[in-house]
Amino acid sequence: MMFDKLINERNDLMNAIKNKELEVIIPILVYIQANLHDDLVLDTVSKKAGLSSFYFHRMFKSVVGETLKQYITRIKLEQAAFALKYWDEKVINISTDLGFKNSETFTRAFKKKYNMTPKNYKEQPIHIKTDINVENSYHQKVFSEFEISAVSIKRLCPINVAFIRSVGPYEEVDPGSFDKLIQWAKKNNVYRKDLLLIGVGHDAPSITPSSLLRFDSCIEVNKSFFSEGEISYQQLGGGQYATLTYVGQYGANMKHAYQKLYQEIHQARNIDFGGLPVIEIYKTTLINPNFHLNQTEIYVPIKVKKL
């Protein structure tokens with residue numbers, strides 16, 4: 001009995017330490033995402049966290065699994081790969097937008113990660129699966145399981161959210177995260193039935209390894225707040241999006257909605273991909289993956305082309 005008590009006390013202590021570390025690191029990850037174009041050196045970021053460089057370095061590596069420099073470089077290069085593939089923009093402009101000191105530094109880092117120059121990567125053809133534009137027999141089979149609306153263009157206002165971050169394959173995100181957020185909101189007397197439940201995918205599965213994909217389970221809040229364990233705050237940026245509504249079960253079939261969005265953006269004359277993240281707004285008060293009539297609005301950022 002005494003041994004079990006000691007084990008439980010040790011586990012409680014470890015969980016408390018983990019929650020305190022998350023309270024520090026998750027807001028820093030949000031800060032990094034919003035300021036990738038800046039020179040995010042260890043001294044600057046550790047001061048933002050209110051910690052010494054030495055202690056922050058150890059904490060960041062423990063929580064994230066990468067050093068600050070490794071993490072920032074990887075995120076920048078993955079965003080660059082997405083931009084090179086989908087933006088009608090010069091390589092030098094992309095490297096500048098992402099805060100690389102010069103095009104030589106960018107090219108060297110990119111080639112080390114992707115085994116080709118940014119120019120060669122940009123020249124590769126884009127392959128977009130077109131499962132949704134096939135023969136009627138398949139079309140009828142697919143759409144008996146779900147429905148997809150027409151694509152439209154909308155402008156979203158910025159949205160304040162409380163969120164829990166998951167890292168790993170998108171299909172393995174725990175829907176229980178939304179339950180935790182709802183309970184947190186009720187506990188803090190900020191819950192309303194009309195609050196939006198939102199999913200945010202920060203990375204492209206075709207570029208980022210599935211084990212490193214970042215997904216935020218979110219609930220709308222009225223204003224910013226200080227982190228509480230794994231629950232933190234961020235503001236989702238507004239802007240123009242291509243959007244459609246998917247009705248059906250959460251999971252694998254949602255890829256057809258994304259394929260339709262990507263294909264129509266790619267084929268449009270007046271718009272281009274705007275980058276990431278992708279936003280999913282769930283028109284429900286309870287996330288239930290098994291419910292067949294889940295209604296989800298999917299938003300992909302776009303840029304208007306100069307014709």
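In what follows, residues are counted from 1 in the order of the sequence shown.
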Chemist: Do you reckon L236 sits in the same ILVMFWY cluster as Y31, going by side-chain contacts under 4.5 Å, direct or chained?
Modeler: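 The answer is no; the residues belong to distinct hydrophobic clusters.
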Chemist: Might you point out which heavy atoms bring H202 and Y170 nearest each other, and give the distance in Å?
Modeler: N-OH, 3.5 Å
Chemist: Apply the test side-chain hydrogen bond (donor to acceptor under 3.5 Å, both in side chains) to residues T96 and N93: give CA-CA distance (whole Å), side-chain angles for both, the deciding distance (0.1 Å), then the verdict.
Modeler: CA-CA 5 Å; T96 301; N93 292 342; 5.4 Å; no
Chemist: Please determine whether the number of non-hydrogen atoms from other residues, nucleotides or ligands lying under 6.0 Å from atom CZ of F225 exceeds 12.
Modeler: yes
Chemist: Would you mind reporting whether L84 and F110 have side-chain heavy atoms less than 4.5 Å apart?
Modeler: yes
Chemist: Using the side-chain contact (heavy atoms from CB on, under 4.5 Å) rule, take L181 and I164 through it: C-alpha gap first, then chi angles, then the decisive distance, then the call.
Modeler: CA-CA 8 Å; L181 289 165; I164 296 174; 3.9 Å; yes
Chemist: Same cluster or not: are F291 and I198 linked, directly or through other Ile, Leu, Val, Met, Phe, Trp or Tyr residues, by side-chain heavy atoms under 4.5 angstrom apart?
Modeler: no
Chemist: Is the shortest side-chain heavy-atom distance between P118 and I94 below 4.5 Å?
Modeler: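 P118 does not reach I94 side chain to side chain.
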Chemist: Under 3.5 Å, side chain of E23 to main-chain N/O of G229, donor-acceptor pair present?
Modeler: yes
Chemist: Using the rule that Ile, Leu, Val, Met, Phe, Trp and Tyr join whenever any side-chain heavy atoms are under 4.5 Å apart, tell me whether I279 and L29 fall into a single cluster.
Modeler: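 No; tracing contacts between hydrophobic side chains, which count when under 4.5 Å, never links both residues.
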Chemist: Compute the centroid of each ring, for Y258 and then for Y246, and state whether the two points are separated by less than 6.0 Å.
Modeler: no
Chemist: Could you walk me through whether N222 and R192 pass the side-chain contact (heavy atoms from CB on, under 4.5 Å) check?
Modeler: CA-CA 11 Å; N222 291 328; R192 303 192 317 267; 3.6 Å; yes
Chemist: Begin from the C-alpha positions of I25 and F56 and carry the test side-chain contact (heavy atoms from CB on, under 4.5 Å) through to its verdict.
Modeler: CA-CA 9 Å; I25 297 300; F56 176 80; 3.9 Å; yes
Chemist: Might you work through the side-chain hydrogen bond (donor to acceptor under 3.5 Å, both in side chains) test for T107 and T117, ending with a clear yes or no?
Modeler: CA-CA 6 Å; T107 298; T117 66; over 6 Å; no
Chemist: Which distance, rounded to the nearest 0.5 Å, do you find between the CZ of F163 and the CD1 of I26?
Modeler: 5.5 Å
Chemist: Counting only heavy atoms from other residues, nucleotides and ligands, does the tally under 6.0 Å from NZ of K113 exceed 12?
Modeler: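 Result for NZ/K113: enclosed.
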Chemist: Between A185 and I219, what is the shortest heavy-atom contact and its length?
Modeler: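 Closest heavy-atom pair between A185 and I219: CB-CD1, 4.2 Å.
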Chemist: Thinking salt bridges, do D272 and K303 make one under a 4.0 Å N-O criterion?
Modeler: no
Chemist: If we only count heavy atoms from C-beta on, is the D39 to T44 side-chain gap below 4.5 Å?
Modeler: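 Sidechains of T44 and D39: no contact.
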Chemist: Just so I know, are the side chains of V64 and V167 near enough to count as touching, which here means a heavy-atom distance under 4.5 Å?
Modeler: no
Chemist: Within 45° of the ring axis of Y299 and under 6.0 Å from its six-membered ring centre, is that where the NZ or CZ of K154 lies?
Modeler: no
Chemist: State, to 0.1 Å, how close P158 and Q235 come at their nearest heavy-atom pair, and which atoms those are.
Modeler: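 Where P158 meets Q235 most closely, the heavy atoms are CB-CD, 3.7 Å.
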Chemist: Counting only N and O atoms by type, is there a donor-acceptor contact under 3.5 Å from the side chain of K76 to the main-chain atoms of L98?
Modeler: yes
Chemist: If only atom types and distance count, is the side chain of T284 paired as donor or acceptor with the main-chain N or O of I287 below 3.5 Å?
Modeler: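 Not a single qualifying donor-acceptor pair exists.
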Chemist: Can you tell me how far CG of L68 sits from CZ of F60, rounded to the nearest 0.5 angstrom?
Modeler: 5.0 Å
Chemist: Taking a hydrophobic cluster as the set of Ile, Leu, Val, Met, Phe, Trp and Tyr residues connected by side-chain heavy atoms closer than 4.5 Å, whether directly or through intermediates, do I298 and V161 fall within one such cluster?
Modeler: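 No, separate clusters.
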Chemist: For a 4.5 angstrom cut-off between non-hydrogen side-chain atoms, does H57 reach T67?
Modeler: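 Side chain of H57 against side chain of T67, heavy atoms only: contact under 4.5 Å found.
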Chemist: Just grab all the salt bridge (charged side-chain N to carboxylate O under 4.0 Å, His left out) pairs involving residues 242-252, residues at least two apart or on different chains.
Modeler: none
Chemist: Could you tell me the separation between the CD1 atom of I75 and the CG atom of L36, rounded to the nearest 0.5 Å?
Modeler: 7.5 Å
Chemist: Could you give the distance from CD (E147) to CG (L293), rounded to the nearest 0.5 Å?
Modeler: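 One gets 10.0 Å once the value is rounded to the nearest 0.5 Å.
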Chemist: Return yes if some donor-acceptor pair links the side-chain N/O of N102 with the main-chain N/O of E104 below 3.5 Å, else return no.
Modeler: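 Yes, because the side chain of N102 sits within donor-acceptor range (under 3.5 Å) of the backbone of E104.
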Chemist: Identify the two heavy atoms, one from Q240 and one from V304, that lie closest to each other, and give their separation to 0.1 Å.
Modeler: OE1-CG2, 3.1 Å
Chemist: Name the orientation class of the two ring planes belonging to Y250 and Y282 (parallel below 30°, tilted from 30 to 60°, perpendicular beyond 60°).
Modeler: perpendicular
Chemist: Any side-chain heavy-atom pair from N294 and F146 closer than 4.5 angstrom?
Modeler: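 No; the side chains remain at least 4.5 Å from each other.
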Chemist: Using 0.5 Å steps for rounding, measure from the CG atom of L42 to the NZ atom of K47.
Modeler: 10.5 Å
Chemist: Report yes or no: do S177 and D174 form a side-chain donor-acceptor pair below 3.5 Å?
Modeler: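 On atom types as modelled, these side chains do not qualify, holding no pair under 3.5 Å.
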Chemist: Verify the cluster assignment for I207 and M116: are they in a single hydrophobic cluster under the rule of side-chain heavy atoms below 4.5 Å apart?
Modeler: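 I207 and M116: one cluster.
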Chemist: For a 4.5 angstrom cut-off between non-hydrogen side-chain atoms, does S227 reach Y233?
Modeler: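 Counting from C-beta outward, S227 and Y233 never come under 4.5 Å.
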Chemist: Are side-chain heavy atoms of L244 and L261 found at a separation under 4.5 Å?
Modeler: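 In contact.
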Chemist: If I compare all heavy atoms of S53 with all of D43, which pair ends up nearest, and what's the gap?
Modeler: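 Minimum heavy-atom contact is OG-OD1, 2.7 Å.
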Chemist: Nearest 0.5 Å, please: how far is NZ in K85 from CD in Q124?
Modeler: 4.5 Å
Chemist: I would like to know whether L22 and I231 meet side-chain contact (heavy atoms from CB on, under 4.5 Å); could you show each step before the answer?
Modeler: CA-CA 8 Å; L22 287 171; I231 298 177; over 6 Å; no
Chemist: Before giving the answer on side-chain hydrogen bond (donor to acceptor under 3.5 Å, both in side chains), spell out for T243 and E297 the whole-Å C-alpha distance, their side-chain angles and the decisive distance to 0.1 Å.
Modeler: CA-CA 7 Å; T243 181; E297 294 178 355; 5.5 Å; no
Chemist: Mind listing the closest non-hydrogen atom pair of S166 and V173 along with its distance?
Modeler: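 Nearest pair, atom of S166 first, then V173: OG-CG1, 4.0 Å.
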Chemist: Under a 4.0 Å N-O cut-off, is there an ion pair linking E123 with K119?
Modeler: yes
